[in-house]
Asker: 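Dropping a structure here in structure tokens format, bear with me for questions.
Both backbone and side-chain heavy atoms feed into the values below; hydrogens, waters and symmetry mates do not.
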Amino acid sequence: MIKSLAYLIFSAGVAAILAVYTCVVVPEPVLTTLYTVGGVIFSVGMSIAITPKTDGVTNTENRRGIRKSYQVVRNSFMYLFAIDTLIFIAAEVLRKTKLESFMGITCALYVLISIVYFTFNFIELQKLGNDIEEQILKEKNIKAS
């Protein structure tokens with residue numbers, strides 16, 4: 001949650017500078033496209049993050065650790081996408097106002113950061129999957145000994 005807010009503050013700060021010192025306006029189709037891409041990545045990530053495959057791990061402590069790691073990734077997906085949604089709605093509501101440029105830039109930057117972070121989360125999910133496989137193999141080898 002703290003990372004999500006830090007990204008929001010960063011996005012708003014950069015947007016404020018760009019809105020004041022440039023005449024950048026993010027077109028509505030760009031925001032819609034970014035939000036759609038973020039939504040697709042979010043839904044795919046959530047489907048992976050909510051189905052940890054820990055049934056082969058018999059060590060209770062390791063299974064809890066793996067499940068906790070999945071929860072952290074899942075929560076980060078939810079926080080980022082929730083803020084994506086709120087900022088996107090605010091940007092749409094504030095179209096044709098003095099805040100249009102600021103909100104459009106903030107939304108675009110934050111959704112781009114979210115997409116990058118979602119990608120890192122996919123890498124973390126792949127690593128967790130590998131960790132599970134390694135743990136299962138380790139436990140099988142211990143039983144076989």
Asker: Checking S101 side chain against V25 main chain: does a donor-acceptor pair fall under 3.5 Å?
Answerer: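 No, because the side chain of S101 does not come within donor-acceptor range (under 3.5 Å) of the backbone of V25.
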Asker: To check you understand the geometry: which heavy-atom pair defines the closest contact between V111 and L34, and what is its length?
Answerer: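 Looks like CG1-O, 3.3 Å.
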Asker: Report the distance from atom SG of C107 to atom CG of L8, rounding to the nearest 0.5 Å.
Answerer: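 C107 atom SG to L8 atom CG measures 10.5 Å (nearest 0.5 Å).
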Asker: Any link between I113 and V44 through a network of hydrophobic side chains (Ile, Leu, Val, Met, Phe, Trp, Tyr) touching at under 4.5 Å?
Answerer: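 Same hydrophobic cluster.
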Asker: Flag yes if V73 and L5 sit in one hydrophobic cluster, no otherwise; membership is Ile, Leu, Val, Met, Phe, Trp, Tyr, and two members link when side-chain heavy atoms are under 4.5 Å apart.
Answerer: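 Per the 4.5 Å side-chain linkage, V73 and L5 are co-clustered.
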Asker: I need the minimum non-hydrogen distance between S11 and T106, along with the two atoms involved.
Answerer: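 Result for this residue pair: CB-O, 3.9 Å.
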Asker: Tracing side-chain links under 4.5 Å among I, L, V, M, F, W and Y, which residues wind up in one group with V93?
Answerer: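 In the cluster with V93 are I89.
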Asker: Considering all heavy atoms of both residues, which atom of L125 and which atom of G45 are nearest to each other, and what is their separation?
Answerer: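 In this case the closest contact between L125 and G45 is CD1-O, 4.1 Å.
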Asker: Can you measure from CD1 (I105) to CD1 (I17) and round to the nearest 0.5 angstrom?
Answerer: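 Separation between the atoms: 10.5 Å.
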Asker: Do V26 and L86 sit in one hydrophobic cluster, given that two such residues count as connected whenever their side-chain heavy atoms are within less than 4.5 Å of each other, even indirectly?
Answerer: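 Different clusters: V26 never reaches L86 through Ile, Leu, Val, Met, Phe, Trp or Tyr contacts under 4.5 Å.
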Asker: With rounding to the nearest 0.5 Å, note down the distance linking OG in S114 to OH in Y79.
Answerer: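 Result: 14.5 Å between the selected atoms.
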Asker: Of the non-hydrogen atoms in F118 and L80, which two are nearest, and what is the gap between them?
Answerer: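 Closest heavy-atom pair between F118 and L80: CE2-CB, 3.8 Å.
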Asker: To the nearest 0.5 Å, what is the distance between CD (E124) and OH (Y117)?
Answerer: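 The OH atom of Y117 is 9.0 Å from CD of E124, to the nearest 0.5 Å.
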Asker: Under 4.5 Å between any side-chain heavy atoms of T85 and F42, yes or no?
Answerer: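 No, too far: nothing below the 4.5 Å cut-off.
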Asker: If you compare all heavy atoms of M103 against all heavy atoms of I87, which two are closest, and at what distance to 0.1 Å?
Answerer: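 So the two residues come closest at CE-O, 4.0 Å.
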Asker: With the 4.5 Å side-chain cut-off for hydrophobic clustering, are I48 and V72 part of the same group?
Answerer: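 In one cluster with I48: V72, no.
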Asker: Holding to salt bridge (Lys or Arg N to Asp or Glu O under 4.0 Å), I want the full list of residues that pass it with K3, two or more places apart in sequence or in another chain.
Answerer: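 None.
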Asker: What's the separation between atom CZ in R63 and atom CD1 in I132, rounded to the nearest 0.5 Å?
Answerer: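 If we round to the nearest 0.5 Å, R63:CZ and I132:CD1 are 11.0 Å apart.
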Asker: Would the distance check show the side chain of Y110 and the main-chain N or O of S4 forming a donor-acceptor pair, the cut-off being under 3.5 Å?
Answerer: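 Confirmed, Y110 side chain pairs with S4 backbone.
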Asker: Looking at F102 and A15, what are the two nearest heavy atoms and their distance?
Answerer: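 The answer is O-CB, 3.6 Å.
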Asker: Distance check, rounded to the nearest 0.5 Å: M78 atom CE versus Q71 atom CD?
Answerer: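 Here the rounded value is 9.5 Å.
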Asker: Within the structure provided, determine whether Y7 and V116 are in side-chain contact (heavy-atom separation under 4.5 Å).
Answerer: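 Not in contact.
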Asker: Tell me every residue that passes salt bridge (Lys or Arg N to Asp or Glu O under 4.0 Å) with E100, counting only those two or more places apart in sequence or in another chain.
Answerer: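 Testing E100 for salt bridge (Lys or Arg N to Asp or Glu O under 4.0 Å), a comparison that skips the adjacent residues, returns R95.
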Asker: Would you mind reporting whether E92 and F88 have side-chain heavy atoms less than 4.5 Å apart?
Answerer: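 A side-chain contact exists here, since the closest heavy-atom pair is under 4.5 Å.
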Asker: If Ile, Leu, Val, Met, Phe, Trp and Tyr residues are connected whenever their side-chain heavy atoms lie under 4.5 Å apart, and connections chain through other members, are V14 and I83 in the same group?
Answerer: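 Result: yes, single cluster for both.
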Asker: Check step by step if side chain to side chain contact (heavy atoms under 4.5 Å, CB included) holds for I41 and F122.
Answerer: CA-CA 9 Å; I41 294 172; F122 280 126; 3.4 Å; yes
